[in-house]
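Here's the structure, in C-alpha cells; my notes come after.
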Number of protein chains: 2
Amino acid sequence: MNIGQAAAKTGLPAKTIRYYEEIALITPHRAENGYRSFCDTDLHKLTFLARARALGFSIENCRMLLALYQDEGRASADVKQVAQDHLSQIDAKIADLKAMRDTLAHLVNACAGDHRPDCPILNGLSALAGAPAK
Amino acid sequence: MNIGQAAAKTGLPAKTIRYYEEIALITPHRAENGYRSFCDTDLHKLTFLARARALGFSIENCRMLLALYQDEGRASADVKQVAQDHLSQIDAKIADLKAMRDTLAHLVNACAGDHRPDCPILNGLSALAGAPAK
DNA sequence: CCTTGACCTTCCTGTAACTGGAAGCATTAT
DNA sequence: ATAATGCTTCCAGTTACAGGAAGGTCAAGG
C-alpha cells in the first residue's frame, strides 16, 4: 500500500507519515520503484500514533507508548505512569487557560466596544488594576 | 536604564526584550557604548507586552494591541474585537483539552497499573473502542 | 595599572511537530 | 504521446523565544 492510501486509512497527512518515518517512529519497506510500502503493522502503528497524538501526547511520549505497545512483557504500570503524567499536564494547562480566560473575560465584559477610545482592556493591560484578589 | 534593569523591572528575560526589539515591538535608544537605553515609555510598553503575553495573546495580536494602545483616536470596539477573538480561541482550546482530559482520564482509571502487561490505555489507543457515544 | 567579574553586544543554533513548495521520477489515464 | 496524478527528496518557514559562543565595556579591588 502506498503512502496515499495509508494517509487515507489513518487520517494522517502523507507529510506527517513521512515525518514519522524520518524520526523513526515507523519503518515502512520500500517497493522497487522507491515508493514506501505500508503493511498492516505499519497501519496499526500509524493509527495508534494518530490517536495518541489526538490525546495530546508528545512525539517522544508516543515513541514510548509505541514501544510499550509492542513489548509483550511490559508492565501496565509503566503505561499508566506516562498517561498519568500527561493527564497532570493537561490539567495544569486547563487551569492556566481558565485563569487567562477569567481575567480576559472580565476585561472584555467591561469594555463598551464602541467608537470611543476609552478601553478597560487596554487599561487592564497597562496596569492590571482590576481586583488583585488576596 | 540598561537591559538588565529593564528585565528586572518588567519581569521579562533580557533575551526576550532583545527579541522584542528585533521584531520591532520596541525601539529603545542606544547609549554611546552601544548598550540599549530604556526610557519610561519603553518600560511601559514592555510591561504591557508582558501582561498581554501572560493573557495568551500572540505576538502579532500584541503588536496590534500596542498600536491601539498608542493610538489616541482608537475605537474601543477594535480592541474588544481582538480580545473577543482571542477569548473564543481560549475557550475552544479549553474545550479541546477537556475532551482530551476526559478520554484520557477514563483510560487511566481503567488501567490497573501493575506488573501485568494487559493495559486498557494501550487497548484504547490501538482501537478507541471505549464508548463512542452517538 | 592590571585584572577580575559582571554586564553588555551580536550571531548562530535549536526547539515541536509539522506544512508548503520546488524539482524531478513513476504510474495511470486519455 | 501526453497529461494528470502520485511518489520521491530536500529546503525553508512556522512560534516565541532559550542557550551559548566570542568579544567589547565598566566598576571595584589589589
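In what follows, chains are A, B, ... by sequence order, proteins preceding strands, each numbered from 1.
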Exercise. Under 4.0 Å between any heavy atoms, over every strand shown, what does Phe57(B) touch: base, sugar-phosphate, or nothing? Just pick one.
Key: nothing

Self-check item: Among Leu65(A), Leu25(A), Ile17(A), side chain to side chain contact (heavy atoms under 4.5 Å, CB included) partner for Leu49(A)
Solution: Leu25(A)

Practice problem: Would you kindly give the NZ-to-C1' distance between Lys15(A) and dG6(D), to the nearest whole Å? | Solution: 13 Å

Quiz item: Is any side-chain nitrogen or oxygen of Asn33(B) closer than 4.0 Å to OP1 or OP2 of dG24(D)?
Solution: no

Self-check item: Spacing of Asn2(B) atom CG relative to dT9(C) atom C1', expressed in whole Å
Solution: 12 Å

Quiz prompt | Contact under 4.0 Å: Arg30(B) side-chain N or O vs dT10(C) OP1/OP2 | solution = yes

Practice problem: Determine, for Glu21(B) against Arg18(B), whether the closest basic-nitrogen to carboxylate-oxygen distance falls under 4.0 angstrom. | Solution: no

Practice problem: Kindly say if Arg36(B) contacts the phosphate of dT9(C), meaning a side-chain N or O under 4.0 Å from OP1 or OP2. | Solution: yes

Quiz item: Does Tyr19(B) have a side-chain nitrogen or oxygen under 4.0 Å from the phosphate oxygens OP1 or OP2 of dT15(D)?
Solution: no

Quiz item: Using a cut-off of 4.0 Å on non-hydrogen atoms, how would the nucleic acid contact of Ile23(A) be classed: base, sugar-phosphate, or nothing?
Solution: nothing

Quiz prompt | Nearest-nucleotide pick for Ile59(B), side chain only, options being dA18(D), dC18(C), dA16(D) | solution = dA16(D)

Quiz item: Regarding Ser76(A) and Asp118(B), is there a side-chain donor-to-acceptor distance under 3.5 Å anywhere?
Solution: no

Quiz prompt | Distance, rounded to the nearest Å, where Tyr20(A) contributes OH and dA16(C) contributes C1' | solution = 11 Å

Self-check item: Any Tyr35(B) side-chain nitrogen or oxygen under 4.0 Å from OP1 or OP2 of dC26(D)
Solution: no

Quiz item: Does Thr16(B) have a side-chain nitrogen or oxygen under 4.0 Å from the phosphate oxygens OP1 or OP2 of dA18(D)?
Solution: yes

Exercise. Calculate the interatomic distance between Ile3(B) atom CD1 and dA6(C) atom P; express it in whole Å.
Key: 19 Å

Self-check item: Atom-to-atom span, CE of Met1(B) to P of dC7(C) - whole angstrom
Solution: 15 Å

Practice problem: Identify whether any heavy atom of Arg18(B) sits under 4.0 Å from a base atom; if not, whether one sits that close to sugar-phosphate; answer base, sugar-phosphate or nothing. | Solution: base

Self-check item: Nearest-angstrom distance from the residue atom CD of Gln5(B) to P of dA27(D)
Solution: 12 Å

Quiz item: Could you state the CD1-C1' distance from Ile17(A) to dA17(C), rounded to the nearest angstrom?
Solution: 15 Å

Quiz item: Between the side chain of Ser126(A) and the main-chain N/O of Leu122(A), is any donor-acceptor distance below 3.5 Å?
Solution: yes

Quiz item: What is the distance, rounded to the nearest whole Å, between atom CZ of Phe38(A) and atom C1' of dT8(D)?
Solution: 12 Å

Practice problem: Compute whether any side-chain donor of one residue and acceptor of the other, for Asp85(B) and Gln81(B), lie under 3.5 angstrom apart. | Solution: yes

